[in-house]
**Student:** 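Quick one: the structure is below, questions incoming.
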Amino acid sequence: MKSPLRILQLEDDPKDAELVQENLASDGNTCEVTRVETEADFIASLERGRFDLILADYSLPSFDGVSALKLAQQKCPDVPFIFVAGTLGEDVAIEALKIGATDYVSKTGLSRLVSSVKRALREAQERQELSRAEGALREQANLLDLTHDTVYARDMNAVITYWNRGAEERYGWSSKEAVGRVSHELTQTSFPAPLSEINAELLKTGRWEGELIHTRRDGTTVTVASRWSLQRDETQKPIAILETNNDISDRKRGEALFTGEKRLLEM
């Protein structure tokens, strides 16, 4: 059985509140609505309950929607916040979105409310799943933080989300400098095969192993044995890649020297 949708509704007009609830119920939603009218009741509700969604009028006699939004961002930043207002000019609506509102719906256009709520809840769930996955990646990486292996995580756009101490020591960039940058561009990676082929194998098997050549911050290069592990969310959607690299530069130099000496002896 689907769990009821827990809604905190900031609305001083009972008729408007009822119309909003009827609109949501028309799509088959079972809602548990807590309606408040004052700032004190709004704060108390935020502190007392866990909500899936906040719906708020923009202007009330003793309280306003922007103040409610700021309070919600402090106390429950992960909960979607949608303005449902009678008169909300375009400039005001855009400003509301800029400061963190998920969406706004006019009371004269409630037919758009269901689709807005669905999108807001879906995006909130995706953010929660990504946050959990990144937390799991950090826990895995922290286990290797005391080793000399480099460990870092990146999202599916190759943007670095975690950079361990070993990576800082090996490549010369701090975690603060590395996180947020595209990994392959940061280390100027040289791949043994086209990256498209490597990514295809990774998506198919969930793993990839091979040798890469990276460039350090000082311009020198390092050869690493690299292991990639694909991370998925609860729906099996790929969301991140955990990469572990072990420096094999000395071994590669030894192999090259041995090969050169062997050829010299043969000559």
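If you read the sequence from its start, that first residue is 1, and numbering goes on from there.
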**Student:** What heavy-atom pair brings S175 and E168 nearest, and what distance separates the two atoms?
**Tutor:** N-OE2, 2.7 Å

**Student:** Report yes or no: do S116 and R112 form a side-chain donor-acceptor pair below 3.5 Å?
**Tutor:** no

**Student:** How long is the gap from CD on E32 to CG on D52, to the nearest 0.5 Å?
**Tutor:** 9.0 Å

**Student:** Any chance you could measure S45, atom OG, to K75, atom NZ, to the nearest 0.5 Å?
**Tutor:** 11.5 Å

**Student:** Closest heavy-atom contact between P14 and R35?
**Tutor:** CG-NH2, 3.9 Å

**Student:** So do W163 and T150 actually touch side chain to side chain, heavy atoms under 4.5 Å?
**Tutor:** no

**Student:** Applying side-chain contact (heavy atoms from CB on, under 4.5 Å) between Y58 and each of D64, L10, V66, report the one that passes.
**Tutor:** V66

**Student:** Main chain of E201, side chain of T205: is a donor-acceptor contact present, judged purely on distance under 3.5 Å?
**Tutor:** yes

**Student:** Hey, is the main chain of P194 close enough, under 3.5 Å, to the side chain of E197 for a donor-acceptor pair?
**Tutor:** no

**Student:** Distance only, no hydrogens: is a donor on one side chain within 3.5 Å (strictly under) of an acceptor on the other, for Q231 and S229?
**Tutor:** yes

**Student:** Take atom CZ in R207; do more than 12 heavy atoms of anything else shown fall under 6.0 Å from it?
**Tutor:** no

**Student:** What heavy-atom pair brings Y171 and H214 nearest, and what distance separates the two atoms?
**Tutor:** OH-ND1, 2.6 Å

**Student:** Quick check: is V159 connected to L242 through a chain of hydrophobic side chains (ILVMFWY, heavy atoms under 4.5 Å apart)?
**Tutor:** no

**Student:** Would you find a donor on one side and an acceptor on the other, under 3.5 Å apart, between the side chain of N23 and the backbone of L110?
**Tutor:** yes

**Student:** Would you mind reporting whether I54 and F42 have side-chain heavy atoms less than 4.5 Å apart?
**Tutor:** yes

**Student:** OG of S62 to CD of E37: how many Å apart, nearest 0.5 Å?
**Tutor:** 8.0 Å

**Student:** Indicate if I213 and Y152 have the same hydrophobic cluster label, given that clusters are the connected sets of ILVMFWY residues with side-chain heavy-atom separations under 4.5 angstrom.
**Tutor:** no

**Student:** Show the numbers, then the answer: is there a side-chain contact (heavy atoms from CB on, under 4.5 Å) between S183 and T189?
**Tutor:** CA-CA 8 Å; S183 60; T189 306; over 6 Å; no

**Student:** Would you say the side chain of F63 lies within less than 4.5 Å of the side chain of T38, judging by non-hydrogen atoms?
**Tutor:** no

**Student:** When you compare the side chain of K107 with that of E11, does any pair of heavy atoms fall below 4.5 Å?
**Tutor:** yes

**Student:** What I'd like to find out is whether the side chain of E243 reaches to under 4.5 Å of the side chain of S226, using heavy atoms alone.
**Tutor:** yes

**Student:** Do L24 and L55 make a side-chain contact, defined as non-hydrogen atoms from C-beta onward lying under 4.5 Å apart?
**Tutor:** yes

**Student:** Under the side-chain contact (heavy atoms from CB on, under 4.5 Å) rule, what do M156 and L230 come out as? Steps first, then yes or no, please.
**Tutor:** CA-CA 9 Å; M156 298 310 294; L230 187 65; 4.0 Å; yes

**Student:** May I ask whether V182 and W173 are part of the same hydrophobic cluster, defined by side-chain heavy atoms of I, L, V, M, F, W, Y residues being less than 4.5 angstrom apart, directly or through others?
**Tutor:** no

**Student:** So, taking the atom named NZ in K70 and the one named CD1 in I99, what distance separates them when rounded to the nearest 0.5 Å?
**Tutor:** 6.0 Å

**Student:** If you compare all heavy atoms of A120 against all heavy atoms of I82, which two are closest, and at what distance to 0.1 Å?
**Tutor:** CB-CD1, 4.1 Å

**Student:** Taking a hydrophobic cluster as the set of Ile, Leu, Val, Met, Phe, Trp and Tyr residues connected by side-chain heavy atoms closer than 4.5 Å, whether directly or through intermediates, do I160 and L195 fall within one such cluster?
**Tutor:** yes

**Student:** If you apply the rule side-chain contact (heavy atoms from CB on, under 4.5 Å), what do you find for L121 with L5, and how did you get there?
**Tutor:** CA-CA 10 Å; L121 295 175; L5 187 61; 3.7 Å; yes

**Student:** Is there a side-chain contact between T187 and L212 in this structure, where contact means two heavy atoms from C-beta onward sitting under 4.5 Å apart?
**Tutor:** no

**Student:** What's the spacing between D13 CG and E18 CD if we round to 0.5 Å?
**Tutor:** 10.0 Å

**Student:** Drop me the distance from L46's CG to T34's OG1, to the nearest 0.5 angstrom.
**Tutor:** 10.5 Å

**Student:** Please examine the side chains of W228 and N199, heavy atoms only from C-beta on, and report whether any two atoms are closer than 4.5 Å.
**Tutor:** yes

**Student:** Do R216 and V222 pass the side-chain contact (heavy atoms from CB on, under 4.5 Å) test, and can you show the C-alpha distance, the side-chain angles, and the key distance before you say yes or no?
**Tutor:** CA-CA 7 Å; R216 298 186 179 95; V222 56; 3.6 Å; yes

**Student:** Testing the basics here: between V84 and L113, what is the closest heavy-atom pair and its distance to 0.1 Å?
**Tutor:** CG2-CD1, 4.2 Å

**Student:** Measure from the side-chain N and O atoms of R154 to the backbone N and O of A158, and report whether any donor-acceptor pair falls under 3.5 Å.
**Tutor:** no

**Student:** If every non-hydrogen atom of A72 is compared with every non-hydrogen atom of F81, which pair is closest and at what distance?
**Tutor:** CB-CD1, 3.9 Å

**Student:** In plain terms, say whether E123 and R119 are close enough for a salt bridge, that is, a side-chain N and a carboxylate O under 4.0 Å apart.
**Tutor:** yes

